[in-house]
Amino acid sequence: MAHLDAVLLARAQFAFTMGFHIVFPAFSIGLASYLAVLEGLWLVTGRQVYLDLFKYWLKIFAVGFAMGVVSGVVMSYQFGTNWSGFSDKAGPIVGPLMAYEVMSAFFLEAGFLGVMLFGMGRVGKGLHYLATLLVAAGTLFSAFWILTVNSWMQTPAGYATNAQGQFVPADWWAIVFSPSFPYRFVHMVLAAYLTTGLVVGAVGAWHLLRGRREHEGVRVMFGMAMGLVLVVAPLQIFAGDAHGLNTLEHQPAKVMAMEGHFESHPNGAPLVLFGLPDQDAATVRYKVEVPKLSSLILKHSLDAPLAGLDSVPRENWPPVPVVFWSFRIMVGLGFLMLGLGLFGLLARLKGKLCDWRTLHLYALAMGPAGFVAVLAGWTTTEVGRQPFTVYGVLRTADSVSPLGAPAVAGSLAAFAAIYLAVFAAGMFYILRLMSAPPHLGERGPSPAEPVRTAGLAPGPAITPGHGLQPGE
Amino acid sequence: MSLTDLDLPTIWAFIVAFAVFAYVVLDGFDLGVALLFPFCPERHDRDVMMNSVAPVWDGNETWLVLGGGGLFAAFPLAYAVLMPALYAPLIAMLLGLVLRGVAFEFRWRTERARPVWDIAFTGGSLVAALGQGVALGAMLQGVMVSGRAYAGGWWDWLSAFSLLTGAAVVCGYALLGATWLIMKTGGELQIRALKLARPLALGTLGFIVAVSLATPFLEAAYWQRWFAWPGIVLTAPVPLAVAAVALFLLRSLADAHDYKPFVLSLVLFFLCFVGLGVSIWPNVVPGRISIWQAAAPHESQVFVLAGTAILIPIILTYTAYAYWVFRGKVDPEHGYH
């Protein structure tokens, strides 16, 4: 029992540190691409508003990126400190993939971020735009490698087992492009775009509600965000559905938990809309269901048989209530996003995009929805993988470090205390930046502030010795 | 000669060691600058001190991730054994790094809470430096291994020796920070850094002697390595070189030289690192697991080596260029308002 507690605590710690971390990359991935679009529009059209918006969001990007970096350093050690069994057994496959992630992130940080943040006016327009594009590409590259790791853990492929019980690479191509990887990658990148779009939309809506529609930047950012949500929300629902079908093929128990299907349904399975899953009694209480709809969604046939958890040995069941509910939160938010996109389209067609207060309130309320959906989605897929770390072949209980529960509990408490303080402050500073509307002739990150790894762009904080003056 | 003929674990041991050394000296001086905050209460001085490391700390810290990531990729067994063994000091280090990392960004966004972030900057750096030093000592004194896993308790890391190495690293980083400031600043602040550097240099040398004297008594293998004939012919130059560098360092401080104290402090760190390598080689978990036992399969090491061989030189070029661009003194008239 004590061992089980240590496992649960280790899982809680990973979920906590990862949950805090993922929020920032999700935002950075989307925002980096948005910044590339804004700068591109400015270069093509020459309109000041795009440059203002670029500089406005660049300041927010800088703070978010810094928090992503510091919480990311922690993640690279979590595997070893809390999951040493996993690190030993899966290290020969996961380690190299993680190393590629680190190197691509490092490559990006060491070079182009500084140019993007502080280089405007110091390097040529073309070079600066190249830096912005490379930062955007770099965030996607990081996401690529991290998702190869996660996808391999969900749908392991291309490996063999050696005499020491380690998973060893047999085919790197199969490992990197494991069966769930393409679906997961598309789903995550779209989620990042939606998350950023919703934040941008909420900031625009906030300023519109405050009666700041005379700011061109406010109108433009709100319009762009509503356009993005309109296009990406349906795409995401489509991608999520495809991802679900892929999961059904490779991890059926996860889908059973998502659907709340404890029993098998030989003649068409119902779609459980709501209910209270009871893991011990293996039933969903007070359920509201639509007959045969689940079979239609998952098998494209009303009467198609669908197996339930009764066909899976009980020791291999994921925790059903968590998966069941997190899945519903994600899907529910997804449809609310679709609704926002359609509402925005209606307003646009009527020429009322900047007038309808209901739309602005809706968009404001949806500001954090992307983050919540990302966390709920990751909870669904990660908790749904339980009780395995590498699905079907390595149990979570065999992955954990040989540490006493008090050690893990103590470090979890320390993480909670420090993260809550640090990230509350970070959120406060970000919200304060957002609370001012973008102004005409918006300034970028202040040259009075410290310059981070600036690569090609010497910051004014430090005067270079001889020559190499900015702009020379 | 194809890649298969090379001894990959040896190559990887040097790559990981390089990443760790790069981290120690690079983040060492910027952690050290933060450690000196309490001795420089003036807001203006603190702004200049922070700005002297602001452009580079982010890149410096990434070497830590690279060292950890490299260990995980190339020697997963060592990563799996060492991380739980060094659990408490490593977690403390990570939390310290989080606090000081955000302090760089947040300190400039607030007037009222600035003192709070100054404390976070120094406190976080102190915890991080101490954690690293304690982890080093805990690793050197040996960790319990059973089968393929750590077998000790979660307080095993704590000993008089690990506290000694913890204090040694704090003192050494402070020396790097002080000599960095001598090189990067002028006027009052430079004079103050110079005053701080002298006792820090003597303290660091004292710690080096103490740790060096204690280490051979930890394990018979260390004793053998350092004092058995004929190996002593190869090992003796290390302490002799330390003594010579120490003399040059003290003299350069007495002469109030601009950049020599920093460079000589780096050399001192390098010699200590070589000394550690002499003690540990060819193990990765001292006295327990060799680099060949811990090595990931050939296919894994080759796969990462391909990317490393391309990306690390590019990263190094960038880093060198960034330092070149930021060479010279910090301009105290810029960088604060």
Side-chain angles (χ1 to χ4, degrees), chain A residues 62-63 66-67 69-74 76-77 79-81 84-85 87-88 91-93 95-96 98-100 102-103 106-107 109-111 114 162 164 168-169 172 401-404 407 411 414-415 418 422 425-426 429 448-455 458-465 468, chain B residues 50-51 54-56 58-59 61-62 64-66 68-70 72-73 76-77 79-81 83-84 87-88 90-91 94-95 97-99 101-102 104-106 108-109 148-151 154 296-297 299-300 303-304 307-308 311 314-315 318-319 321-322 325-328 330-331 334-337:
Chain A
V63 181
M67 290 201 281
V69 169
V70 293
S71 55
V73 174
V74 172
S76 65
Y77 282 82
F79 287 95
T81 50
S84 63
S87 297
D88 174 29
I93 287 176
M98 297 277 291
Y100 269 100
V102 170
M103 284 191 287
F106 196 170
F107 183 66
E109 267 174 57
N162 71 7
Q164 289 82 40
V168 295
W172 278 111
S401 290
L403 289 163
S411 60
F415 272 115
I418 300 221
V422 161
Y429 296 132
E449 286 166 18
V451 185
R452 285 211 300 280
T453 317
I462 289 168
T463 309
L468 248 177
Chain B
M50 209 178 205
N51 269 332
V56 290
D58 192 345
E61 212 158 88
T62 316
L64 178 66
V65 185
L66 215 58
F72 186 20
L77 178 61
Y79 180 81
V81 168
M83 295 295 141
Y87 192 72
L90 285 183
I91 299 273
L94 292 171
L95 288 169
L97 291 177
V98 167
L99 272 178
V102 296
F104 271 103
E105 199 68 36
F106 293 172
W108 306 87
R109 311 221 162 269
R148 297 178 67 82
Y150 174 61
W154 49 284
E299 300 75 35
S300 301
F303 182 71
V304 205
T308 310
L311 288 172
I314 297 176
I315 290 168
Y318 263 129
T319 311
Y321 184 71
V325 166
F326 289 108
R327 73 193 182 282
V330 184
D331 185 348
H334 284 90
Y336 67 96
H337 279 278

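Note on naming: letters A, B, ... go to the chains in the order of the sequence lines (proteins, then strands), and numbering restarts at 1 for each one.
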Check your understanding: Nearest 0.5 Å, what's the CG-CE distance between A:L403 and B:M83?
Key -> 12.5 Å
Exercise for review: May I have the step-by-step check of side chain to side chain contact (heavy atoms under 4.5 Å, CB included) for B:F106 and A:V63, ending in yes or no?
Suggested key: CA-CA 8 Å; B:F106 293 172; A:V63 181; 4.1 Å; yes
Check your understanding: OH/B:Y87 to OH/A:Y77 distance, rounded to the nearest 0.5 angstrom?
Key -> 15.0 Å
Check your understanding: Which heavy-atom pair separates B:E299 from A:P169 by the least distance, and what is that distance?
Key -> CB-CG, 3.8 Å
Review point. Is the centre of the B:F303 ring less than 6.0 Å from the centre of the A:Y100 ring?
Key: yes
Point to revise | Atom pair CD1 (B:I91) and OG1 (A:T81), whose distance is rounded to the nearest 0.5 Å | key: 4.5 Å
Point to revise | Smallest separation among heavy atoms of A:G91 and B:P76, with atom names | key: CA-CB, 3.7 Å
Check your understanding: What distance separates A:S76 OG from B:L64 CG, expressed to the nearest 0.5 Å?
Key -> 6.5 Å
Point to revise | Closest approach of A:P96 to B:V304 (non-hydrogen atoms, all atoms of both residues) | key: CB-CG2, 3.3 Å
Point to revise | Euclidean distance, A:I418 CD1 relative to B:L94 CG, rounded to 0.5 Å | key: 11.0 Å
Practice item. Assess whether side chain to side chain contact (heavy atoms under 4.5 Å, CB included) is satisfied between B:V98 and A:F415, documenting all intermediate values. Key: CA-CA 10 Å; B:V98 167; A:F415 272 115; 6.0 Å; no
**Study point:** Test side chain to side chain contact (heavy atoms under 4.5 Å, CB included) applied to A:S84 and B:Y150, step by step
**Key:** CA-CA 9 Å; A:S84 63; B:Y150 174 61; over 6 Å; no
Practice item. Taking the side chain as every heavy atom from C-beta outward, state whether B:W154 and A:P402 have any pair of such atoms under 4.5 Å apart. Key: no
Exercise for review: Identify which of B:P297, B:A88, B:P84 forms the greatest number of heavy-atom pairs closer than 4.5 Å to chain A.
Suggested key: B:P84
